[in-house]
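Right, one structure below, let's go through it.
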There are 2 protein chains.
Amino acid sequence: MSNYTVLQNRFTNAFKALSNPNRLALFSRLMNCCAPGTKCDATIAVRFCVGDLGEGLNIAPSTLSHHLKELNRAGLVEMERKGKNVECWVEPEKLKALSSFFQPD
Amino acid sequence: MSNYTVLQNRFTNAFKALSNPNRLALFSRLMNCCAPGTKCDATIAVRFCVGDLGEGLNIAPSTLSHHLKELNRAGLVEMERKGKNVECWVEPEKLKALSSFFQPD
DNA sequence: AGTATAATTCGACATGTTTCGAACTATAGA
DNA sequence: TCTATAGTTCGAAACATGTCGAATTATACT
């Protein structure tokens with residue numbers, strides 16, 4: 001992996017983080033969620049706490065925690081403790097960067 | 001993985017295919033390559049044969065073949081035999097689909 | 001037919017990933 | 001200070017991936 005540029009490694013790690021169905025589901029929720037029937041505002045990051053994010057995914061809390069940590073390490077998801085909870089969100093800038101990877105110069 | 005929709009699985013598989021640095025390099029070449037100093041025409045798919053695509057990557061031919069097969073199975077790269085060679089290319093439509101995954105509705 | 005070039009398949013081995021439960025830490029509130 | 005809730009860390013088991021070399025197939029050319 002050291003034959004590659006920093007940028008190439010960043011994208012490899014980002015896609016690796018999204019290569020697991022549970023992690024992709026978690027990321028999609030953070031990316032797309034807005035109140036039902038409303039338009040998403042792409043300039044604002046929606047926040048979820050860890051527990052709510054894993055709702056309906058049928059994975060153990062330890063697994064959920066592990067996956068979120070992976071998404072965080074890959075730079076895709078931000079995390080911050082707020083009292084008993086840990087809030088997670090996706091920075092809109094990240095989405096732009098990922099989207100533009102697939103748009104050739 | 002059968003808890004997920006067809007679309008979710010398609011994206012998971014696409015990102016899995018791009019989660020290895022060698023495969024990402026191969027895909028990037030197909031995606032971005034155009035004659036040096038020229039503007040890429042995003043509506044036209046550039047074609048490479050397998051051997052040329054692996055140039056400089058320092059992997060065995062069998063490994064190269066394996067990775068291209070993975071990219072093909074994930075639906076990211078098209079392949080077609082042309083005489084002794086096998087040509088590879090990326091359909092511009094695929095890039096649009098991947099790019100728009102990261103653009104929330 | 002025989003040979004050279006391009007690519008694939010196969011089997012093996014080392015390494016990484018996914019998932020869990022049990023034990024642990026952090027915080028808030030009674 | 002005790003208890004409940006929210007998350008994390010750790011170790012283990014099952015499974016998947018990346019890589020190679022050797023053998024094989026496909027095609028073109030002599």
Side-chain angles (χ1 to χ4, degrees), chain A residues 1-4 8-9 11-30 47-89, chain B residues 1-4 8-30 47-90:
Chain A
M1 188 117 159
S2 50
N3 296 319
Y4 295 100
Q8 283 177 310
N9 290 337
F11 279 110
T12 301
N13 289 329
F15 296 136
K16 186 179 299 183
L18 298 175
S19 74
N20 168 279
N22 286 322
R23 282 196 301 266
L24 191 76
L26 293 168
F27 185 76
S28 296
R29 268 178 205 190
L30 283 178
R47 289 174 173 234
F48 264 73
C49 73
V50 172
D52 289 354
L53 249 189
E55 199 59 47
L57 246 49
N58 288 324
I59 54 178
S62 56
T63 305
L64 177 60
S65 183
H66 167 71
H67 283 321
L68 256 351
K69 191 173 161 186
E70 290 292 301
L71 287 165
N72 179 251
R73 285 200 323 139
L76 297 181
V77 166
E78 315 301 314
M79 301 176 82
E80 189 181 8
R81 184 172 274 277
K82 272 280 160 65
K84 266 191 301 190
N85 300 311
V86 171
E87 290 188 342
C88 307
W89 71 96
Chain B
M1 188 118 158
S2 50
N3 295 320
Y4 295 101
Q8 282 176 311
N9 289 337
R10 256 208 280 271
F11 278 110
T12 302
N13 289 330
F15 296 135
K16 186 178 298 183
L18 298 175
S19 74
N20 169 277
N22 286 322
R23 281 197 300 266
L24 191 76
L26 294 167
F27 185 77
S28 295
R29 266 178 206 190
L30 285 177
R47 288 175 174 233
F48 264 73
C49 72
V50 171
D52 291 353
L53 206 43
E55 200 60 48
L57 246 48
N58 289 323
I59 53 177
S62 56
T63 305
L64 177 59
S65 184
H66 166 70
H67 283 320
L68 256 352
K69 191 173 159 185
E70 290 292 302
L71 287 165
N72 178 251
R73 284 200 324 139
L76 296 180
V77 167
E78 314 301 312
M79 302 177 82
E80 189 180 8
R81 185 171 273 277
K82 270 281 158 67
K84 264 192 300 191
N85 300 311
V86 170
E87 291 188 340
C88 308
W89 71 96
V90 173

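Here is how names work: the chains are called A, B, and so on, in the same order as the sequence lines, proteins then strands, and each is numbered from 1.
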Atom [atom1] of [X] to atom [atom2] of [N]: distance rounded to whole Å?
X: I59(B); N: dG18(D); atom1: CD1; atom2: P; value: 11 Å
X: L18(B); N: dG18(D); atom1: CG; atom2: P; value: 12 Å
X: K82(A); N: dG7(D); atom1: NZ; atom2: P; value: 14 Å
X: N58(A); N: dC20(C); atom1: CG; atom2: P; value: 9 Å
X: R73(B); N: dA16(D); atom1: CZ; atom2: C1'; value: 12 Å
X: N72(A); N: dT8(D); atom1: CG; atom2: P; value: 10 Å
X: H67(A); N: dT8(D); atom1: NE2; atom2: P; value: 13 Å
X: N20(A); N: dG16(C); atom1: CG; atom2: C1'; value: 13 Å

Taking the side chain from [X] and the backbone from [Y], do they hold a donor-acceptor pair closer than 3.5 Å?
X: N72(A); Y: L68(A); result: no
X: R47(A); Y: W89(A); result: no
X: S65(B); Y: P61(B); result: no

Phosphate OP1/OP2 of dT19(C) contacted by N22(A) side-chain N/O (<4.0 Å):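 Checking dT19(C) against N22(A), a side-chain N or O does come within under 4.0 Å of OP1 or OP2.
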
Presence of R23(B) side-chain N/O under 4.0 Å of dG18(D) phosphate oxygens OP1/OP2: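 Answer is yes, contact under 4.0 Å.
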
Salt bridge (Lys or Arg N to Asp or Glu O under 4.0 Å) involving R81(A) - partner list, sequence neighbours excluded: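 R81(A) satisfies salt bridge (Lys or Arg N to Asp or Glu O under 4.0 Å) with no other residue.
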
Salt bridge present between E70(B) and K16(B) (N-O < 4.0 angstrom):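 So E70(B) does not pair with K16(B) through a salt bridge.
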
Any side-chain heavy-atom pair of Y4(B) and T12(B) under 4.5 Å: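 Counting from C-beta outward, Y4(B) and T12(B) never come under 4.5 Å.
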
Heavy-atom protein contacts under 4.0 Å, nucleotides 2-8 of chain C, coded B base, S sugar-phosphate only, - none: ---BSSB

